[in-house]
Amino acid sequence: MTDVPDNTAAPENAQTAEEALAAEAESTEQHQVRLAKRQRMIDSGIAPYPVAVAVTHRIADVREQYAHLESGEETDAVVGVAGRVVFARNTGKLCFASLQSGDGSRIQAMVSLAEVGEESLASWKDLVDLADHVFVTGRVISSRRGELSIMVTDWHIASKALRPMPNLHAELNDETRMRQRYLDLIVRDQARQNVRIRAAVNASMRETFAGHDFTELETPMLQRVHGGASARPFVTHSNAFDTELFLRIAPELYLKRAVVGGLERVFEINRNFRNEGADSTHSPEFAMLEAYEAYGDYMTIADLTQELVQNAALAATGGLEVELTDGSVYDFSGEWQKLPMYESLSEAAGREVTVETSLDELLAWAGELEIEVDQPTHGKLVEELWEHYVKPGLDKPTFVIDFPVDTSPLTAAHRSKPGVVEKWDLYVRGFELATGYSELIDPVDQRERFVAQASLASRGDVEAMPLDEDFLTALEHGMPPSGGMGMGVDRLLMAVTGNGIRETILFPLVK
RNA sequence: GGGCCUUUAGCUCAGUCGGUAGAGCAGUGGACUUUUAAUCCAUUGGUCGCGGGUUCGAGCCCCGCAGGGCCCA
């Protein structure tokens, strides 16, 4: 970093040098004690933070390789391992420490007077604290009680921790888990698991796409015109262009440009940003998957979506019948049902509803149920009634298909059913996980809908989409008929694990 | 946006009727060569989230603000 932006103020929580010194002066007794040990090491020529340590084995490897040792059995195999001290038990002339590696596996180090001599043993007792990283060399043995151990012949501190670890015998509270995730990762196996599951799900999705010849793209996050969804954007400023820029709310309009250019099967897994509320199911920045398939439609993209989610569940848990964190089991297997919106509403309500049902009738009906809708339209009322009658009963994975046209302005009209559009919402465990369309590719139609949105924006609707002239030009060059879908990756993780959104995001934004 | 709960030692939490701040772990000093959250003896550590108010006296009651959580919209 050599270019220092001239108009970038220091973040509010950044410390000045004076504040940093003041913070040090306010440090706790434990911090002071550890700082003093660090200094003592330096003064006597011992590096508290060596550049490298000569590790020969990972702790998990030693455990696996020597799992067969009987209690008290010793070997001549010499290994060098490093780990964080998570327990320490000193008995005068023999010290025990449990070393933990990043994956959570542990091994016991034994520092004995007979092996290391008086000076080294005294130094261990003096310098080694809980939370320090230490590197030990020694023979692999099993203790009298059968604990796999390293009988240490040589050791040194690999990294001196200046702050104490959280209490290992009590749960860290939720706030500390989020704000200091590194502590959560040190003390809680499930926190480590969550990271691995997320990585496995991401890898699984890329693999599934690769199996269908999709190409992964990375489209702009900084955009001059934000589009592709209805949401309030974050606004920023480019010094170089001296212009306002937006953090993207969706990658859709760029992925479609790519399809116009002949990249027929594309996907992107990346972050979107929406300047809206944050709660247990919404984060201002969230990972989104979008995919477009030329010459496909909403049904082919539904099949792909089912495969993506099923493979993700397999990658996360090893099966399609998934045990969630609350102990319940959810079944992702089989072919998922497709439930047409009007038909399912009619059946659940015991009363026929079609695209012909009048606004007055729907209004009266909603009124009886005390359902209130702002600026009611036929489509809004049908969706509200559907949510009242059908949604609560949705448990199995379900594609809800064929939505009213007036609430889905960016979707192609159904090829045979008048009044509905080729759109689905995927519901899993009762919440909306993904949405898919047969994409609107008529540039004239698209322009009219943008103009309608732009007039909403000019009347103060902060979520309305602005007109994207450059995108319309692209469409005028001809986009092939396509299916498209979008899925929240964080929601997918929630669906296959039962975790809350703040558990699926490693470092969630907190105030 | 509304309602309820919550914020006390490094961590996890108690704190009764309003009467001068407690525990476990961690830390400090000591004992201990097979421990497993080692044990035993001694011991340090507090802006009770922040700001007001009531009171002779507030961690506790009242008002406001901030952080966090849950439920509802």
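Proteins get letters first, then strands, A, B, ... in listed order; numbering begins at 1 in each. These numbers come from a predicted model, not from an experiment.
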Colleague: Using purine N1 to pyrimidine N3 plus N6-O4 or O6-N4 for Watson-Crick, or N1-O2 and O6-N3 for G-U wobble, each under 3.5 Å, what pairs with B:C40?
Modeller: B:G30
Colleague: In whole Å, what separates the C1' atom of B:G18 from that of B:G53?
Modeller: 15 Å
Colleague: Please work out whether the ring planes of A:Phe399 and A:Trp424 are parallel, tilted or perpendicular, with thresholds of 30° and 60°.
Modeller: perpendicular
Colleague: For B:U16 and B:A66, measure between their P atoms and round to the nearest Å.
Modeller: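 One P to the other, the span is 28 Å.
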Colleague: Rounding to a whole Å, what distance do you find between A:Arg188:CZ and B:C11:P?
Modeller: 17 Å
Colleague: Under a 3.5 Å limit for both distances, which nucleotide forms a Watson-Crick or G-U wobble pair with B:C70, could you say?
Modeller: B:G3
Colleague: Would you indicate what A:Leu130 reaches in the nucleic acid, counting non-hydrogen atoms under 4.0 angstrom: base, sugar-phosphate, or nothing?
Modeller: sugar-phosphate
Colleague: May I have the distance from A:Arg89 (atom CZ) to B:U33 (atom P), rounded to whole angstrom?
Modeller: 16 Å
Colleague: In whole angstrom, what separates A:Met110's CE from B:U34's P?
Modeller: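 Distance check: A:Met110 CE to B:U34 P gives 9 Å.
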Colleague: Donor-acceptor pair, A:Ser149 side chain versus A:Glu147 backbone, under 3.5 Å?
Modeller: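 Side chain of A:Ser149 to backbone of A:Glu147, a donor-acceptor pair under 3.5 Å: yes, one is there.
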Colleague: When the C1' atoms of B:G49 and B:U6 are compared, how many Å lie between them, rounded to an integer?
Modeller: 11 Å
Colleague: With sugar-phosphate meaning primed atoms plus P, OP1 and OP2, does A:Leu172 contact a base, only sugar-phosphate, or nothing at under 4.0 Å between heavy atoms?
Modeller: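 Sugar-phosphate only.
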Colleague: If the plane angle is over 60° it's perpendicular, under 30° parallel, otherwise tilted; pick one for A:Phe234 and A:Phe273.
Modeller: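 Ring orientation of A:Phe234 relative to A:Phe273: perpendicular.
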Colleague: If you check every side-chain atom of A:Arg144, which of B:A38, B:U34, B:U33 has the closest atom?
Modeller: B:U34
Colleague: Does B:U12 have its OP1 or OP2 closer than 4.0 Å to a side-chain nitrogen or oxygen of A:Thr176?
Modeller: yes
Colleague: Checking all strands, does A:Phe96 fall into the base, sugar-phosphate, or nothing category for heavy-atom contacts under 4.0 angstrom?
Modeller: base
Colleague: Establish, with yes or no, whether the OP1 or OP2 oxygen of B:U12 is under 4.0 angstrom from a side-chain nitrogen or oxygen of A:Asn173.
Modeller: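 Checking A:Asn173 against B:U12: at least one side-chain N or O falls below 4.0 Å of OP1 or OP2.
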Colleague: What verdict does the side chain to side chain donor-acceptor pair (under 3.5 Å) test give for A:Asp360 and A:Ser358, after you've listed the backbone C-alpha separation in whole Å, the side-chain angles of each residue and the deciding distance to 0.1 Å?
Modeller: CA-CA 5 Å; A:Asp360 286 346; A:Ser358 73; 5.4 Å; no
Colleague: Please measure how far the P atom in B:C63 lies from the corresponding atom in B:C41, and state the result in whole Å.
Modeller: 47 Å
Colleague: Is the phosphate of B:U28 approached by A:Lys37 (side-chain N or O, under 4.0 Å from OP1 or OP2)?
Modeller: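 A:Lys37 to B:U28 OP1/OP2: side-chain N or O found under 4.0 Å.
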Colleague: Evaluate the salt bridge (charged side-chain N to carboxylate O under 4.0 Å, His left out) criterion for residues A:Arg34 and A:Glu29: first the C-alpha distance (whole Å), next the side-chain angles of each, then the deciding distance (0.1 Å), finally the verdict.
Modeller: CA-CA 9 Å; A:Arg34 286 164 182 253; A:Glu29 182 197 357; over 6 Å; no
Colleague: Under 4.0 Å, counting only non-hydrogen atoms across every strand here, what does A:Arg179 touch: a base, just sugar-phosphate, or nothing?
Modeller: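 Sugar-phosphate only.
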Colleague: Please state how far atom CD in A:Glu175 lies from atom P in B:C5, giving the value in whole angstrom units.
Modeller: 19 Å
Colleague: Mind checking the P distance from B:U43 to B:A23? Whole angstroms is fine.
Modeller: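 Looking at atom P only, B:U43 and B:A23 are 11 Å apart.
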Colleague: Mark yes or no for whether A:Asp425, through its side chain, and A:Thr435, through its backbone, hold a donor-acceptor pair below 3.5 Å.
Modeller: no
Colleague: For RNA chain B, which residues of residues 489-511 of chain A approach it to below 4.0 angstrom with any heavy atom?
Modeller: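 Contacting residues: A:Arg502, A:Lys511.
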Colleague: Does A:Arg274 reach the main-chain N or O of A:Glu285 with its side chain, forming a donor-acceptor pair under 3.5 Å?
Modeller: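 Flag not set: sc A:Arg274 to bb A:Glu285 has no pair under 3.5 Å.
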Colleague: From the list B:U28, B:U12, B:U34, which nucleotide is the closest neighbour of the side chain of A:Ala170?
Modeller: B:U12
Colleague: Measure up the A:Tyr330 and A:Phe332 rings against each other and bin them: parallel (under 30°), tilted (30 to 60°), perpendicular (over 60°).
Modeller: perpendicular
Colleague: Using a cut-off of 4.0 Å on non-hydrogen atoms, how would the nucleic acid contact of A:Glu171 be classed: base, sugar-phosphate, or nothing?
Modeller: sugar-phosphate
Colleague: Using the closest heavy atom to pick a nucleotide of RNA chain B for each, name whichever of A:Gln180 or A:Lys125 lands nearer the 5' end.
Modeller: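 Per heavy-atom nearest nucleotide, the more 5' residue is A:Gln180.
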Colleague: Compute the ring centroids of A:Trp386 and A:Phe403, then answer whether they are less than 6.0 Å apart.
Modeller: no
Colleague: Hunt down the Watson-Crick or G-U wobble partner of B:G46, both distances under 3.5 Å, from any strand shown, or write none.
Modeller: none
Colleague: Please give the distance between the C1' atoms of B:G15 and B:G27 as a whole number of Å.
Modeller: 23 Å
Colleague: Between B:C50 and B:A9, how far is it from one P atom to the other, in whole Å?
Modeller: 11 Å
Colleague: Counting only Watson-Crick or G-U wobble pairs whose two distances fall under 3.5 Å, which nucleotide matches B:A9?
Modeller: none
Colleague: Could you check how far CG of A:Asn167 sits from P of B:U12, rounded to whole Å?
Modeller: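 About 8 Å, once rounded to whole Å.
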Colleague: Counting only Watson-Crick or G-U wobble pairs whose two distances fall under 3.5 Å, which nucleotide matches B:G19?
Modeller: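 The base-pairing partner of B:G19, which may sit in any strand shown, is B:C56.
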Colleague: How close or far is atom P of B:U12 from atom CZ of A:Arg177, stated in whole angstroms?
Modeller: 10 Å
Colleague: The side chain of A:His169 lies closest to which of these nucleotides: B:A37, B:U34, B:G24?
Modeller: B:A37
Colleague: Grab the CZ-C1' distance between A:Arg163 and B:G10 for me, whole Å please.
Modeller: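 One finds 9 Å between C1' of B:G10 and CZ of A:Arg163, rounded.
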Colleague: Is the closest basic N to carboxylate O distance between A:Lys37 and A:Asp129 below 4.0 Å?
Modeller: yes
Colleague: Categorize A:Ala88 for me: base, sugar-phosphate, or nothing, with a 4.0 angstrom heavy-atom threshold over every strand shown.
Modeller: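 Since only primed, P, OP1 and OP2 atoms lie under 4.0 Å of A:Ala88, the category is sugar-phosphate.
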Colleague: Could you state the CG-C1' distance from A:Leu121 to B:U33, rounded to the nearest angstrom?
Modeller: 9 Å
Colleague: Counting any heavy atom closer than 4.0 Å, what does A:Ser149 reach on the DNA or RNA strands: base, sugar-phosphate only, or nothing?
Modeller: nothing
Colleague: Taking atom C1' in both B:A42 and B:C11, compute the distance separating them and give it to the nearest angstrom.
Modeller: 23 Å
Colleague: For the side chain of A:Gln30, counting heavy atoms from C-beta on, which of B:U36, B:G10, B:U34 is nearest?
Modeller: B:G10
Colleague: Looking only at side-chain atoms of A:Met151, point me to the closest of B:C11, B:U34, B:G27.
Modeller: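 Closest nucleotide to the A:Met151 side chain: B:U34.
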Colleague: Looking at A:Ser283 and A:Phe286, would you say the former's side chain and the latter's main chain have a donor-acceptor pair under 3.5 Å?
Modeller: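 No.
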Colleague: Relative to the 5' end of RNA chain B, which residue comes earlier, A:Ser143 or A:Met178, by the nucleotide with the nearest heavy atom?
Modeller: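 Residue closer to the 5' terminus by nearest nucleotide: A:Ser143.
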